[in-house]
There are 2 protein chains.
Amino acid sequence: MLDSAERLCVARGSRLTELRRLVLGLVLDAGRPVGAYDLLDGLRADKKGAAPPTVYRALDFLLEQGLIHKIQRLSAFVGCTHVLDASHAHAGGCHPHAAQFLICTGCGQVTELDDRNIVHALVDATRDIGFMVRQSTVEAEGLCGACRTGSPVPARADGAP
Amino acid sequence: MLDSAERLCVARGSRLTELRRLVLGLVLDAGRPVGAYDLLDGLRADKKGAAPPTVYRALDFLLEQGLIHKIQRLSAFVGCTHVLDASHAHAGGCHPHAAQFLICTGCGQVTELDDRNIVHALVDATRDIGFMVRQSTVEAEGLCGACRTGSPVPARADGAP
DNA sequence: AAGTTATACGTTATAATATAACAAATATCG
DNA sequence: CGATATTTGTTATATTATAACGTATAACTT
């Protein structure tokens with residue numbers, strides 16, 4: 001998956017340096033939203049004296065490239081499920097592409113959607129007013145199927161099983 | 001408008017105290033997104049020794065009542081245009097109701113929408129997956145009609161004309 | 001290859017946003 | 001009135017994010 005990101009960056013002429021690759025790896029490994037300071041801790045395993053700007057700069061790059069997303073309601077970051085999937089990779093594409101996120105308050109999982117209808121509804125509503133959308137944030141908080149039907153997958157930050 | 005909020009709270013059995021009313025007044029007066037610490041400064045004109053928790057608690061209350069909204073991308077607060085409009089006031093209603101926000105990066109204005117189609121698209125997409133939405137954040141950043149056509153209304157924080 | 005420019009990174013300090021915890025005051029209800 | 005719940009005051013601190021400036025590394029030009 002990191003290699004897939006690498007190829008994408010090469011194709012775009014942007015540079016996935018060792019540091020950025022490390023941070024991307026940490027985000028992807030987590031498999032759920034991670035805060036910048038958690039990443040910083042993880043980063044310090046490899047890069048002793050890392051400081052906040054180190055991680056925030058890497059995150060800025062990864063966001064620009066659309067390799068990760070920021071979940072505003074959590075001030076946390078997740079890997080982009082769509083750009084890195086081989087099935088969706090149309091290399092030239094859509095750097096920070098539109099996406100929607102479902103945040104489960106039960107298990108902490110975040111699901112990424114790429115729903116044309118939602119984007120469409122938003123663009124329609126704004127065009128009526130003469131507003132031109134550059135970037136959008138769509139996040140829903142609630143309960144995922146598993147947590148709602150009582151088959152809890154309590155993979156929370158504390159890791160309690 | 002404050003009186004309208006007062007009536008709404010009375011009808012609900014919640015208490016719009018002097019402090020909360022003051023904070024709501026500051027948010028409404030601003031007419032654009034305001035940060036918690038700006039509100040704190042404003043609050044100190046009336047309440048000398050006010051501290052962060054003072055303002056955050058008032059904001060929590062106002063959010064619960066749906067009298068204000070938080071713009072996640074700005075970490076800032078705006079008055080709710082819909083609840084306080086007499087035309088929309090169905091007193092029993094919808095405490096923290098769904099809404100969408102258009103943030104103009106030109107003039108800083110924020111427009112609140114209450115678009116059924118957007119909400120519908122979101123609910124549809126999530127139901128397919130078995131996800132149950134409790135709260136949603138929908139925010140778009142871009143240029144409003146005035147700023148896009150070059151009739152700038154540069155009413156920014158600095159107030160430069 | 002050397003010089004020049006642009007980009008990325010290291011480092012220190014600090015800004016901006018938000019909450020925990022506990023005590024004191026005020027309102028509500030029996 | 002007295003018991004209970006809610007609200008506010010107060011101190012301290014946690015969490016998230018950026019400014020500013022210097023150094024190193026890569027890329028581009030001749």
Side-chain angles (χ1 to χ4, degrees), chain A residues 5-6 9-10 12-24 26-27 30 33-65 67-78 137 139 157-158, chain B residues 5-6 9-10 12-27 30 33-65 67-78 108 137 139 157-158:
Chain A
E6 185 92 53
C9 286
V10 169
R12 285 173 176 169
S14 69
R15 293 164 48 203
L16 187 64
T17 61
E18 185 199 346
L19 184 62
R20 292 163 173 174
R21 193 180 162 118
L22 259 167
V23 173
L24 178 57
L26 290 168
V27 174
V34 214
Y37 281 75
D38 290 337
L39 293 169
L40 184 52
D41 287 344
L43 194 55
R44 280 173 170 153
D46 299 79
K47 296 273 181 186
K48 291 277 173 166
T54 309
V55 91
Y56 277 104
R57 284 192 289 231
L59 290 170
D60 284 346
F61 171 84
L62 298 170
L63 286 169
E64 270 169 25
Q65 298 297 315
L67 295 170
I68 64 171
H69 294 287
K70 177 172 185 179
I71 310 295
Q72 302 285 343
R73 293 179 74 109
L74 305 178
S75 294
F77 303 85
V78 293
T137 298
E139 298 173 7
D158 39 271
Chain B
E6 185 92 54
C9 286
V10 169
R12 287 174 177 169
S14 68
R15 293 163 49 201
L16 187 64
T17 62
E18 185 200 345
L19 184 62
R20 293 163 173 174
R21 193 182 162 115
L22 260 167
V23 173
L24 178 56
L26 289 168
V27 174
V34 215
Y37 282 74
D38 290 337
L39 292 170
L40 183 54
D41 286 344
L43 194 57
R44 279 173 170 154
D46 299 78
K47 296 273 180 187
K48 292 276 173 165
T54 310
V55 91
Y56 277 104
R57 283 192 290 231
L59 290 170
D60 284 345
F61 172 85
L62 298 171
L63 285 168
E64 268 169 26
Q65 298 297 316
L67 295 170
I68 63 171
H69 294 286
K70 177 170 184 179
I71 310 296
Q72 302 285 343
R73 293 180 73 108
L74 304 177
S75 294
F77 303 85
V78 293
T137 299
E139 299 173 5
D158 40 271

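What you see is a predicted model, and the numbers here were worked out from it, not measured in a lab. Naming convention: chains lettered A, B, ... in sequence-line order (proteins, then strands); numbering from 1 in each chain.
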Trainee: Tell me the interatomic distance from A/Glu64, atom CD, to C/dT7, atom P, rounded to whole angstroms.
Mentor: 12 Å
Trainee: Considering only heavy atoms from C-beta outward, does the side chain of B/Leu19 approach that of B/Leu43 to under 4.5 Å?
Mentor: yes
Trainee: Can you name the nearest heavy-atom pair linking B/Phe77 to B/Val27, along with the distance?
Mentor: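 Heavy atoms only, the tightest pair is O-CG1, 4.1 Å.
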Trainee: What's the CG-C1' distance between B/Leu19 and C/dA25, to the nearest Å?
Mentor: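 Computing the B/Leu19:CG to C/dA25:C1' distance gives 13 Å.
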Trainee: Are B/Leu22 and B/Thr17 side-chain neighbours, meaning at least one heavy-atom pair lies under 4.5 Å?
Mentor: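 Heavy-atom side-chain distance check fails, nothing below 4.5 Å.
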Trainee: Between atom CG in B/Leu63 and atom C1' in C/dT17, what is the gap in whole Å?
Mentor: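 So the two atoms are 15 Å apart, to the nearest Å.
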Trainee: Quick check on contacts: within residues 50-60 of chain A, what sits under 4.0 Å from DNA chain C by heavy-atom distance?
Mentor: A/Ala51, A/Pro53, A/Thr54, A/Arg57
Trainee: If you compare all heavy atoms of B/Ala30 against all heavy atoms of B/Val34, which two are closest, and at what distance to 0.1 Å?
Mentor: CB-CG2, 3.4 Å
Trainee: Just the rounded figure in Å: distance from C1' of D/dT6 to CD of B/Gln65.
Mentor: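 From B/Gln65 CD to D/dT6 C1': 14 Å.
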Trainee: Say whether, by atom type as modelled, one donor and one acceptor occur between the side chain of B/Glu139 and the main chain of B/Gln72 under 3.5 angstrom.
Mentor: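 Looks like yes, one N/O pair under 3.5 Å.
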Trainee: Between A/Leu40 and A/Val55, which heavy-atom pair has the shortest distance, and what is it?
Mentor: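 Shortest heavy-atom contact: N-CG2, 4.1 Å.
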Trainee: Taking only side-chain N and O atoms of A/Lys70, does any of them lie within less than 4.0 angstrom of OP1 or OP2 on D/dA17?
Mentor: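 Yes, A/Lys70 has a side-chain N/O under 4.0 Å of OP1/OP2 on D/dA17.
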Trainee: Between D/dT16 and A/Tyr37, is there a base-stacking contact, meaning the centre of the base's six-membered ring lies under 5.5 Å from the residue's ring centre while the planes stay under 30° apart?
Mentor: yes
Trainee: Side chain of A/Ala36 only, please: which of C/dA8, D/dA17, D/dT8 is the nearest?
Mentor: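 For A/Ala36, the side-chain atoms sit closest to D/dA17.
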Trainee: Rounded to whole angstroms, how far apart are NZ on A/Lys47 and P on D/dA24?
Mentor: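 Going from NZ in A/Lys47 over to P in D/dA24 covers 14 Å.
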Trainee: Considering the terminal five base pairs at each end of the helix from C/dA1-D/dT30 to C/dG30-D/dC1, what angle separates the two local helix axes, rounded to 10°?
Mentor: 40°
Trainee: Could you say whether B/Arg15 or B/Asp38 is positioned toward the 5' end of DNA chain C, judged by the nucleotide with the nearest heavy atom to each?
Mentor: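 Comparing both residues, the 5'-ward one is B/Asp38.
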Trainee: Please give, in whole Å, the distance from D/dA17 P to A/Ile71 CD1?
Mentor: 13 Å
Trainee: Taking atom C1' of C/dA16 as reference, at what distance in whole Å does atom CG of B/Leu40 sit?
Mentor: 12 Å
Trainee: Between A/Gly42 and A/Leu26, which heavy-atom pair has the shortest distance, and what is it?
Mentor: C-CD1, 3.9 Å
Trainee: Within a strict 4.5 Å, meaning less than it, do heavy atoms of the B/Leu39 and B/Leu59 side chains meet?
Mentor: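 Yes, close enough: below the 4.5 Å cut-off.
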Trainee: Give a yes-or-no answer on whether the side chains of B/Ser14 and B/Gln65 include a donor-acceptor pair shorter than 3.5 Å.
Mentor: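 The answer is yes; a qualifying pair exists.
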Trainee: Within the structure, does a side-chain N or O atom of A/Ser75 lie under 4.0 Å from either OP1 or OP2 of C/dT17?
Mentor: no
Trainee: Write down the distance between CG (A/Asp46) and P (C/dC9), rounded to a whole number of angstrom.
Mentor: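 Distance, rounded to whole Å: 14 Å.
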